[in-house]
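Just so it is clear: chains get the letters A, B, ... in the order the sequence lines come, proteins before strands, and each one is counted from 1. None of the values given here were measured: they were computed from a predicted structure.
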Amino acid sequence: MSDAKKDSGDLMEKLVALCKRRGIIFQSSEIYGGIGGFWDYGPLGVELKRNIKAAWWEDVVRANDNIVALDCSIIMNPKVWEASGHVGGFSDPMVDCKECRSRFRTDKVAYVSLAKGENVLLAAAVEADDDPEAVAAAIATANSKARRRIENAGDELTKTVTFLSAIPEGETGSCPKCGGELTEPREFNLMFQTYVGALQDSSAVAYLRPETAQGIFANYKNVLDTSRMKLPFGIAQIGKSFRNEINPRNYTFRSREFEQMEIEFFCHPDEAEKWYIHWRDTRYQWYVDHGLQSDKLHLRDHDPDELAHYARGCADVEYDFPFGQAELEGVANRTDFDLKAHQEHSGRDMTYFEDELWKTEAPKYTADKFDGDKKAAKKAAEEAKSKMPYRFTPFVIEPSGGVDRATLAFLCEAYTEDEAPDEKGNMQTRVVMKLHPRFAPIKMAVFPLVKKDGLPEIAHEIHNEAKAAGMASFYDEKGAVGRRYRRQDEVGTPFCVTVDGQTLEDQTVTVRDRDSLEQNRVPISEVISYVRQRINR
RNA sequence: GCGGCCGUAAUUCAGUGGUAGAAUGUCAGCUUCCCAAGCUGAACGUCGUGAGUUCGAAUCUCAUCGGCCGCUCCA
């Protein structure tokens with residue numbers, strides 16, 4: 001194991017231990033042995049996560065006139081998931097090899113037979129996406145003798161490719177890797193199932209949503225009809241989603257219950273590319289602005305062959321976690337795929353009518369433009385109104401971020417060990433969470449330097465004032481002040497306010513900066529606004 | 001899902017068949033006018049869980065749950 005890898009592994013272990021010890025993240029149901037893929041946020045963790053969500057909400061929903069928000073139910077009519085493709089289409093049947101334990105998608109295993117007349121020259125099981133690839137892969141397995149025969153066969157060569165997915169039920173294939181026997185195909189559906197109502201029969205089956213997006217699409221018409229929004233506009237939502245991940249791993253990164261913060265931004269198809277670029281760059285910058293400015297943050301455009309079938313463009317904001325580079329947020333141009341799918345499945349009209357454009361151009365369709373033929377004018381108008389540029393299905397740009405992933409990335413980025421002097425001036429290792437002040441669970445801690453001489457009373461007063469002013473403040477009078485500073489460093493508190501002997505004389509306190517360790521004297525009357533101003537800048 | 005390693009206090013770990021430990025942290029008090037290791041005292045353990053072997057199991061066996069690493073998967 002390389003040193004870098006070992007160090008990053010250490011970082012993850014230290015972070016996990018710190019998060020447990022300081023009440024940031026706990027394993028769910030820990031007293032019962034836990035449950036894989038589920039995590040709880042402790043007293044400080046929930047504040048951190050709330051602050052991250054609040055920042056997103058302020059920057060996305062409140063700051064943009066063309067974005068409104070929504071809070072959809074987690075369980076929806078199951079037809080939603082048929083329309084979206086989560087039931088049926090995408091839940092690929094899989095097979096396992098009983099010999100070598102490899103797993104394959106049935107539509108990726110092909111059986112190739114190359115024959116000249118009735119003479120089979122080559123039969124092979126291969127992994128492939130399509131027929132030509134399968135043939136090529138099969139030939140690659142052939143020995144030189146067989147290869148020569150195949151080449152010599154020329155036009156007489158018959159190529160038969162059968163994918164495992166097309167093999168009749170009851171029959172099993174052989175493993176492309178080892179030739180072993182494969183299991184029957186099995187459905188892997190990543191959606192959690194439940195039953196709505198007391199009767200647990202098949203008609204009552206419902207699903208916990210695997211993404212928040214579909215609730216937005218299903219409500220697109222409602223929002224359009226009630227919010228007085230016009231294209232382009234976005235609908236934002238923060239909420240829990242659930243995926244029955246085969247193998248949850250990497251702390252909270254791949255959880256089975258997770259929270260998404262997501263925008264579905266609806267726009268004219270001609271403007272989709274422009275908005276895609278806009279959101280991709282805006283969302284990337286958001287992470288930079290909140291502390292992931294290091295070279296660990298990446299904006300990665302997907303290769304065309306990597307794109308989902310419905311997407312025309314997709315970029316991931318990725319972060320170098322200790323366990324590897326992984327996605328924080330995906331920004332995709334989903335085209336009109338979703339609205340069209342819901343229109344088809346629900347029978348509801350999902351198109352958009354540009355009435356302002358129509359109003360200005362309607363005079364083109366008056367009778368006098370058609371030699372006084374009112375009927376022809378009306379017909380032409382109706383026809384024009386029914387299609388572009390007046391009526392169309394909007395395209396959707398989807399910036400979809402993982403709240404828990406963002407939280408984890410900010411935690412990883414914030415974890416720092418540096419050197420600070422102890423009371424004797426010896427340098428000691430200091431653990432400090434350099435969280436963005438906006439995210440810090442506690443913004444300001446208030447200490448009396450010593451627990452006597454009336455200092456605690458003054459400190460209490462400052463603390464109460466801070467709370468009244470809406471500042472997340474924390475009071476601590478226990479033990480040596482250095483220890484209190486270090487405790488706050490560990491949870492990322494940006495400022496510590498200390499009441500000392502001089503306070504009694506001139507009504508000033510010291511404000512100590514988490515990162516620089518510098519202290520400034522500030523009048524008590526100004527301390528809250530001082531801290532607030534330093535946090536916001 | 002497969003393979004390997006692991007699970008003991010809040011945290012990090014020691015303890016290989018015979019009375020559960022250390023350090024750090026936490027709490028109470030003292031001390032202390034500014035950066036954790038000054039003093040005194042205290043609390044804290046279903047040894048992941050269940051079964052088995054044994055006179056006796058943290059220790060051995062099996063199962064199960066959870067975690068880490070590598071594959072695999074990720075609409």
Near RNA chain B, counting only heavy atoms under 4.0 Å, which residues of residues 489-504 of chain A show up?
E490(A), T498(A), D500(A), G501(A)
Could you state the atom-to-atom distance from OH of Y485(A) to P of rC33(B) in whole Å?
14 Å
Considering every strand shown, what is the Watson-Crick or G-U wobble mate of rC71(B) when both distances are under 3.5 Å?
rG1(B)
Whole angstrom is fine here: how far is it from NZ in K14(A) over to P in rU24(B)?
18 Å
Measure from CZ on R249(A) to C1' on rG66(B) and round the result to the nearest Å.
13 Å
Does any N or O donor sit under 3.5 Å from an N or O acceptor when you compare the side chain of Q519(A) with the base of rC34(B)?
yes
Verify, without hydrogens or angle tests, whether S346(A) (side chain) and H342(A) (backbone) share a donor-acceptor contact under 3.5 angstrom.
yes
List the steps, then state whether salt bridge (charged side-chain N to carboxylate O under 4.0 Å, His left out) holds for E245(A) with R256(A).
CA-CA 6 Å; E245(A) 299 287 352; R256(A) 289 182 164 130; over 6 Å; no
Nucleotides 25-32 of chain B: which of its N/O atoms have a protein N/O under 3.5 Å away?
| residue | atom | partner | partner atom | Å |
| --- | --- | --- | --- | --- |
| rU26(B) | OP1 | R487(A) | NH1 | 2.3 |

Between N250(A) and T510(A), just flag the one whose closest nucleotide in RNA chain B comes earlier from the 5' side.
T510(A)
Give F38(A) one of three labels, base, sugar-phosphate or nothing, depending on what nucleic acid heavy atoms sit under 4.0 Å from its own.
nothing
State whether E398(A) and R334(A) are salt-bridged, where the test is any N-O pair (Lys NZ or Arg NE/NH1/NH2 against Asp/Glu carboxylate O) under 4.0 Å.
yes
Under the criterion side-chain contact (heavy atoms from CB on, under 4.5 Å), which of V396(A), D338(A), L70(A) is the partner of I216(A)?
L70(A)
Measuring only the P atom in each nucleotide, how far is rA63(B) from rC5(B)? A whole number of Å is fine.
14 Å
Taking only Lys NZ, Arg NE, NH1 and NH2, and the carboxylate oxygens of Asp or Glu, determine whether E490(A) and R21(A) approach each other closer than 4.0 Å.
yes
Inter-nucleotide C1' distance (rC73(B), rG52(B)), Å rounded:
37 Å
Nearest whole Å is fine: how far is rG66(B) C1' from Y251(A) OH?
14 Å
Could you state the CG-C1' distance from D316(A) to rC74(B), rounded to the nearest angstrom?
12 Å
Using a strict cut-off of less than 4.0 Å between a Lys/Arg side-chain nitrogen and an Asp/Glu carboxylate oxygen, indicate whether R312(A) and E273(A) qualify as a salt bridge.
no
Answer whether the closest heavy-atom distance between the side chains of T508(A) and V522(A) falls below 4.5 Å.
no
Nearest-Å distance once atom C1' is located in both rC68(B) and rA28(B):
39 Å
rC35(B) to rC69(B) separation - P atoms, rounded to the nearest Å
39 Å
For nucleotides rA9(B) and rG25(B), find the distance between their C1' atoms and express it as a whole number of Å.
11 Å
Tell whether R254(A) reaches the base of rC74(B) with its side chain through a donor-acceptor pair below 3.5 angstrom.
yes
Could you identify the nucleotide paired to rG45(B), looking across every strand shown and requiring Watson-Crick or G-U wobble geometry with both distances under 3.5 Å?
none
Can you tell me the base-pairing partner of rU40(B)? Count Watson-Crick or G-U wobble geometry only, both distances below 3.5 Å, and say none if there is no partner.
rA28(B)
Among R22(A), R483(A), R514(A), R512(A), exactly one meets salt bridge (charged side-chain N to carboxylate O under 4.0 Å, His left out) together with D489(A). Which residue is that?
R512(A)
Look at all strands and tell whether R430(A) reaches a base, only sugar-phosphate, or nothing, counting heavy atoms closer than 4.0 Å.
nothing
Any Lys/Arg nitrogen of R430(A) or E419(A) sitting under 4.0 Å from an Asp/Glu carboxylate oxygen of the other?
no
Given the C1' atoms of rU26(B) and rC62(B), what is the spacing between them in whole Å?
39 Å
Which base sits across from rG7(B) as a Watson-Crick or G-U pair, both distances under 3.5 Å?
rC65(B)
Quick check against the 3.5 Å criterion: does W275(A) have a side-chain atom that pairs as donor or acceptor with the backbone of I397(A)?
no
Taking the ring of F395(A) and the ring of F266(A), is the distance between their centroids below 6.0 Å?
no
Between E329(A) and R283(A), does any NZ, NE, NH1 or NH2 come within less than 4.0 Å of an OD or OE carboxylate oxygen?
yes
Should the pair R405(A) and F258(A) be classed as cation-pi, given the thresholds of under 6.0 Å to the six-membered ring centre and 45° from the axis?
no
So which nucleotide does rU53(B) pair with, by the Watson-Crick or G-U wobble rule with both distances under 3.5 Å?
none
Taking only side-chain N and O atoms of K20(A), does any of them lie within less than 4.0 angstrom of OP1 or OP2 on rU11(B)?
yes
Heavy atoms of other groups near R487(A) CZ, more than 12 under 6.0 Å
yes
Between C1' on rA10(B) and CD1 on I24(A), what's the gap in Å once rounded to a whole number?
14 Å
On a whole-Å scale, what distance lies between the P atoms belonging to rA23(B) and rA42(B)?
14 Å
Need the pair for rG17(B). Rule: Watson-Crick or G-U wobble, both distances under 3.5 Å, any strand; none if unpaired.
none
Tell me whether the side-chain N/O atoms of N247(A) come closer than 4.0 Å to OP1 or OP2 in rC71(B).
no
From CG of D10(A) across to P of rU11(B) the rounded distance in Å is 18 Å
Rounded to whole angstrom units, what separation is found between the CG atom of L190(A) and the C1' atom of rA75(B)?
8 Å
Nearest-Å distance once atom P is located in both rU12(B) and rU19(B)
27 Å
Applying the 3.5 Å cut-off to both distances, the Watson-Crick or G-U partner of rA22(B) turns out to be rU12(B)
R512(A) near the nucleic acid: base, sugar-phosphate alone, or nothing, with a heavy-atom cut-off under 4.0 Å?
base
Members of residues 25-35 of chain A that approach RNA chain B, where some heavy atom sits under 4.0 Å away
Q27(A), I31(A), G33(A), G34(A), I35(A)
